[in-house]
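Atom set for the values below is all heavy atoms of this structure, side chains included, hydrogens, waters and symmetry mates excluded. Counting from 1, the numbers follow the sequence of the chain as shown.
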Amino acid sequence: MTEELTVGRLANTHGIRGEIKILSHTDFPEVRFAPGKKLLLIPADGSPKFEVTIESAKEHKGMYIAKLKGYTNINEIEKYKGSLLKVPSDDLVELPENEYYFHQIVGCEVYTDEDASQPLGTITEILQPGANDVWVVKPAKGQDILIPVINDVVLDVNIAAKKITVHIMEGLLP
C-alpha cells in the first residue's frame with residue numbers, strides 16, 4: 001500500500017452546478033488540478049475513499065474552483081465539504097536538482113562533516129520562517145537543534161540512505 005500525499009481540501013461549494021472550492025496544499029496546483037487529472041477523495045465523514053477526475057479548474061482568490069466529472073449539482077458535491085484530495089506518493093512532480101519534498105527530508109539522520117560516525121540527530125520538522133527553510137533536528141538527548149537550509153551548512157543530502165551531512169557553523173549548536 002503506497003503512502004498518499006495531500007494536495008488539497010474541499011473547502012466549500014461554488015454555485016449550484018456542482019463546482020467546489022479547493023484550498024490547495026501543493027506547490028503544483030496547475031499540475032494537480034489540470035483537466036483529466038485523477039485524485040483520491042478522502043471523505044471527511046470517514047466513509048471509504050474513492051477516485052475523482054478533474055473536469056475543469058481555475059484559480060480564484062487564492063483557491064481553485066473545480067468541476068469534478070460526474071457531479072452536476074450542488075446536492076451531489078456538498079456532502080464532501082472538508083474532504084481531502086490526495087495523490088499516491090509515487091505520483092510526484094519532478095523537482096529541480098537539490099530540491100526535496102518535506103516527506104523526503106523529515107526522518108533523515110543528520111551527521112556533521114567533522115564526525116560522520118555519530119548522528120547529530122533526526123529531522124522532525126521543517127520550519128519556513130522566511131528567507132530559507134530551517135530543519136528541526138532532535139538529538140538523542142538535549143534541546144532541538146535548528147539547522148538553516150543554506151549552501152554553507154547543508155553539504156550533502158542522500159534521500160535513499162536517509163542521511164544528511166551538514167557543516168556546523170559557529171553559534172549553531174547550543
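How far NZ of K58 is from NE2 of H14: 5.5 Å, rounded to the nearest 0.5 Å. K37 NZ to T53 OG1: the interatomic distance, rounded to the nearest 0.5 Å, is 10.5 Å. The distance from atom NZ of K21 to atom CD1 of I65, rounded to the nearest 0.5 Å, is 6.0 Å. With rounding to the nearest 0.5 Å, the separation of CD in E30 from CD in E59 is 11.0 Å. Rounding to the nearest 0.5 Å gives a distance of 5.0 Å between CD1 of I22 and CG of L85. Put simply, NZ on K86 and CG on L41 are 11.0 Å apart, with the number rounded to the nearest 0.5 Å.
Contact record, F33 with I54: O-CG2, 3.3 Å, taken as the closest heavy-atom pair. Between P43 and F50, the shortest heavy-atom distance links the atoms CG-CE2, 4.0 Å. Minimum heavy-atom separation, D115 to S117: OD1-OG, 2.6 Å. Considering every non-hydrogen atom in both N132 and P148, the closest pair reads ND2-CB, 3.7 Å. Nearest heavy-atom pair across A57 and Y64 is CB-CD2, 4.5 Å. Residues I147 and V153 come closest through the heavy atom pair CG2-CG1, 3.6 Å.
If you chain together hydrophobic residues whose side chains sit under 4.5 Å apart, I16 and L68 never meet in one group. Hydrophobic cluster membership is shared by F28 and L5, with clusters built from Ile, Leu, Val, Met, Phe, Trp and Tyr side chains linked at under 4.5 angstrom. Both V52 and Y80 are assigned to one and the same hydrophobic cluster, defined by single-linkage of ILVMFWY side chains at heavy-atom distances under 4.5 Å. Both F102 and V154 belong to a common hydrophobic cluster when Ile, Leu, Val, Met, Phe, Trp and Tyr are linked at side-chain heavy-atom distances under 4.5 angstrom. Both L120 and I150 are part of a single hydrophobic cluster, where members link through side-chain heavy atoms under 4.5 Å apart.
Legend: side-chain hydrogen bond (donor to acceptor under 3.5 Å, both in side chains) pairs involving residues 151-173, not counting sequence neighbours, sorted by first then second residue: D113-H167. Among residue pairs with one or both ends in residues 66-75, those qualifying as side-chain hydrogen bond (donor to acceptor under 3.5 Å, both in side chains) are T72-E76; sequence neighbours excluded.
Residues meeting the side-chain hydrogen bond (donor to acceptor under 3.5 Å, both in side chains) test with T122, sequence neighbours left out: E109.
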Worked verdict on I168 versus I145 for side-chain contact (heavy atoms from CB on, under 4.5 Å): CA-CA 11 Å; I168 300 298; I145 302 164; 5.7 Å; no
Any chance you could lay out the side-chain contact (heavy atoms from CB on, under 4.5 Å) test for I164 and W135, step after step, and finish with the verdict? CA-CA 11 Å; I164 295 174; W135 292 336; 3.6 Å; yes
Can R32 and H25 be said to form a side-chain contact (heavy atoms from CB on, under 4.5 Å), step by step? CA-CA 10 Å; R32 299 300 182 200; H25 292 296; over 6 Å; no
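Clustering of Ile, Leu, Val, Met, Phe, Trp and Tyr side chains at separations under 4.5 Å places L23 together with M63. If you chain together ILVMFWY residues whose side-chain heavy atoms come under 4.5 Å of each other, I42 ends up grouped with L40, L84. Members clustered with V134: L127, V136, L146, by chain and number, using a 4.5 Å side-chain heavy-atom cutoff among hydrophobic residues.
Remark: side-chain polar atoms of S83 are paired, donor with acceptor, to backbone N or O of A44 under 3.5 angstrom.
The one candidate from D91, V31, T26 that meets the side chain to side chain contact (heavy atoms under 4.5 Å, CB included) condition with V7 is T26.
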